[in-house]
Amino acid sequence: MVVIAVGLGVLAFLIPFRLLRRKPVGRAGTKVLVGGLTGAGLGFLLILGLVEGAIDVQDSGQSNELLNAVGFQDQWAVVKSAEDDKPLYDGRWMMLLGESDGTYVLYDCDKLETLRRPMETTNLGQIELDPEREAGFTCGGLAQQNTP
């Protein structure tokens, strides 16, 4: 992706100026072409940063500043049963990804799984935004222990 973005950047500034700068119509076309190719290159860089941030969330359980800037909320909660208010999933912290069609969408960092729980049978407890993690924390501890 970086190579594509750099290549578009080079195309945006070299080709238009060499081919179109001699004619008045060429100068206007140069501005449009440079603007379009620059926007495409910046779009590739934005997508690359978002993908990198998503991989960081999967690996370390923490989002980067770019994800926070585009509206991703780093919310964590302990999921409890609505019937008896006892913690589910051994009381582990789950990342709350959102709500959809009457269900909570959760990410289990320890098992590297995405879950859906009905809202009627689920309570969220101890909600925390952007939790501080200890140095060297990574997701997948339980997934690695259960691997044969």
Next item on the list: Give a yes or no on whether Val78 and Leu97 share a hydrophobic cluster (residues Ile, Leu, Val, Met, Phe, Trp, Tyr; joining criterion: side-chain heavy atoms under 4.5 Å apart).
Entry: yes
Check: For the residue pair Glu120 and Ala82, what are the closest heavy atoms and their distance?
Finding: O-CB, 3.5 Å
Margin query: Using every non-hydrogen atom in the two residues, find where Asn64 and Leu67 come nearest and quote the distance to one decimal.
Written below: OD1-N, 2.9 Å
Checklist line | CG-CD distance between Leu129 and Gln75, expressed to the nearest 0.5 angstrom | finding: 5.5 Å
Next item on the list: Output, in order, the C-alpha distance, side-chain angles, deciding distance and verdict of side-chain contact (heavy atoms from CB on, under 4.5 Å) for Val105 and Glu99.
Entry: CA-CA 6 Å; Val105 181; Glu99 305 169 9; over 6 Å; no
Item checked: Phe72 with Tyr107, same ILVMFWY side-chain cluster at under 4.5 Å -> yes
Note to self: Please tell me whether Ile127 and Met119 are part of a single hydrophobic cluster in this structure, the criterion being side-chain heavy atoms less than 4.5 Å apart.
What the structure shows: yes
Check: Do Glu128 and Trp93 pass the side-chain contact (heavy atoms from CB on, under 4.5 Å) test, and can you show the C-alpha distance, the side-chain angles, and the key distance before you say yes or no?
Finding: CA-CA 10 Å; Glu128 190 173 334; Trp93 286 89; 3.7 Å; yes
Checklist line | Under the side chain to side chain donor-acceptor pair (under 3.5 Å) test, residues paired with Thr121 that sit two or more places apart | finding: none
Next item on the list: Could you point out which residue of Asp108, Thr122, Asn123 forms a side-chain contact (heavy atoms from CB on, under 4.5 Å) with Val79?
Entry: Thr122
Notebook entry, point to check: Are the side chain of Thr103 and the backbone N or O of Ser100 linked by a donor-acceptor pair below 3.5 Å?
Noted result: yes
Notebook entry, point to check: Measuring from Ser81:OG to Arg117:CZ, what's the distance to the nearest 0.5 Å?
Noted result: 7.0 Å
Checklist line | With sequence neighbours excluded, residues passing side chain to side chain contact (heavy atoms under 4.5 Å, CB included) with Leu46 | finding: Leu50, Leu66
Item checked: pair Met94-Leu115: side-chain heavy atoms closer than 4.5 Å -> yes
Next item on the list: For the residue pair Leu96 and Leu124, establish whether any side-chain heavy-atom pair is separated by less than 4.5 Å.
Entry: yes
Notebook entry, point to check: Shared ILVMFWY cluster between Trp76 and Val57, side chains joined below 4.5 angstrom?
Noted result: yes
